[in-house]
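Here, residue 1 is the first one in the sequence, and each next residue gets the next number. Note that these values count all heavy atoms, side chains included, but never hydrogens, waters or copies made by symmetry.
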Amino acid sequence: MIEWTDTVDAQDIPEGGVIEYVLDGEILALANYQQRVYVVEGICPHQGGSLGRGTLHASQPCLLRCPWHGWEYELNTGQHVSIPAVSIGTYETRIIDGVVQVRRQA
């Protein structure tokens, strides 16, 4: 079964910013770019850095950069920018009544 789950108010994620959110024990990174919210797995597969404490790449804002070693992931696909075998999970999102909802398997 697929369900939508509330996370944070959309206004809590600054434009061009990233925050960390824990949902039922799973760490997620929520990013806001051009008034669209992206949600991806929040732990970098390289060495476990918190992607929710990362940054959006200055010249390519749809890239999320890990704060530990600079690994970068495309927010739409979760794909690492230079290592094809590495990716992170992505989640479908929507905003209802100002709240970011994440679609996931129940």
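Remark: E3 does not engage R103 in a salt bridge, criterion side-chain N to carboxylate O under 4.0 Å.
Annotation: side chain of Y73 is not in contact with side chain of C62 (no heavy-atom distance under 4.5 Å). No side-chain heavy atom of T77 sits under 4.5 Å from any side-chain heavy atom of S87. Between L64 and V18 there is a side-chain heavy-atom pair separated by less than 4.5 Å. Counting heavy atoms from C-beta outward, E20 and I27 have side chains that approach closer than 4.5 Å.
Contact detail for C66 and C44: the closest heavy-atom pair is SG-CB, 3.7 Å. When all heavy atoms of P14 and I19 are compared, the pair lying nearest together is CD-CG2, 4.5 Å. Contact between A31 and I13 at its shortest, heavy atoms only, is C-CG2, 4.2 Å. Closest approach of E15 and Q35 over heavy atoms only: OE1-N, 3.1 Å.
Rounding to the nearest 0.5 Å gives a distance of 8.5 Å between OG of S82 and CD of E72. To the nearest 0.5 Å, the span separating CG on L75 from OH on Y33 amounts to 10.5 Å. Atom OG1 in T7 sits 12.0 Å away from atom OH in Y91 (nearest 0.5 Å).
Using a 30° and 60° split on the angle between ring planes, W71 and H80 fall in the perpendicular class, above 60°.
Under the side chain to side chain contact (heavy atoms under 4.5 Å, CB included) test applied with Y38, the options N76, T90, V100 reduce to a single match, N76. When each of I95, V39, D6 is tested with Q101 by the rule side chain to side chain contact (heavy atoms under 4.5 Å, CB included), just one qualifies, namely D6.
Annotation: cation-pi geometry satisfied between R94 and W4 (NZ/CZ under 6.0 angstrom from ring centroid, within 45° of ring axis).
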Working for side-chain contact (heavy atoms from CB on, under 4.5 Å), residues V40 and L28 | CA-CA 6 Å; V40 297; L28 303 176; over 6 Å; no

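Counting only distance, with no hydrogens or angles, the side chain of E41 and the backbone of P45 share no donor-acceptor pair below 3.5 Å.
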